[in-house]
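For reference, the structure discussed in these notes is given below.
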Amino acid sequence: MLEAARAKARAAADAKGLPVGLASEGAYGPHPAIPFMPIGRELLLWRNELTGHEIVEMIIDEAPCFDQVTASSMSDVEAFLDRIEFPETAVIVSPVGHGIAPLAKGVQDRPMVAEAIERAVRESPEDRAVIQSDMRAHMNRHRMGVIARLSERFAARLATPCPSCSAPGFGIARSEAGLPCGDCGAATQLTRSVILSCGACHFERRAPRPDGRMYAGPAECPECNP
Ligand SMILES: [Zn+2]
Ligand SMILES: [Zn+2]
């Protein structure tokens, strides 16, 4: 994701003849820990081509609008369309069958969905169509909302100068596990502190976790609840 965002930011800087570029990149897929649950990641990257200074902010989307259904007619997809908040989220319609390209993308009109399903069923060796939420940001209202939240955080970060060199964009680079258990004091896998970092001079500072939580519960402790 970082490489893709960097390439976009470079292309933006080139296109405008400016020393800096800003880009967003998203990735959606299965949740690493919870079966059948999707998860999304959205990233914003600001880059100064002259100095190599980069500012990156990322957000996890625990409930993305990322879904699909197979159907042979419009009546099979009504519940799906409600679930993804169609037509604010558009759909992609493809015939079911290996290696067949989508027939229609960015569809936001009900009669056009019905027509695309009919065509897809005709072209499918299995007589079925697959209807997916369109994950392109401009076609997915939920994604737009997540990117908007990320943008607010990003703007706040851009406005935060490094305490050492005063470059913009001082903020969280990574977190450290080890939040102590409130009962026995053992270190848990939960975040204990965050490392704030400057992308220009690489100055770093450790800080307590931003939500102020000081202890883990015994249920989250490897000693109390092995
Ligand atoms: Zn404990
Ligand atoms: Zn700095």
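Note that ligands are numbered from 1 as they come in the structure, with each ligand's atoms numbered from 1 the same way. Keep in mind the model is a prediction, meaning the values are calculated, not measured.
Using a 30° and 60° split on the angle between ring planes, Phe66 and Tyr28 fall in the tilted class, from 30° to 60°.
Among the backbone and side-chain atoms of His202, none of the N, O or S atoms lies under 2.8 Å from the Zn ion (ligand 2).
Rounded to 10°, the angle formed at the Zn ion (ligand 2) by Cys201 SG and Cys162 SG is 110°. In this structure, SG of Cys224 and SG of Cys184 enclose an angle of 110° at the Zn ion (ligand 1), rounded to 10°. At the Zn ion (ligand 2), the vertex angle linking SG of Cys165 with SG of Cys198 is 110° (nearest 10 degrees).
Note: Asp76 CG to Arg128 CZ = 10.5 Å, rounded to the nearest 0.5 Å.
Not one N or O on the side chain of Asn225 forms a donor-acceptor pair closer than 3.5 Å with the backbone of Pro218.
Side chains of Thr188 and Glu220: no donor on one and acceptor on the other come within 3.5 Å.
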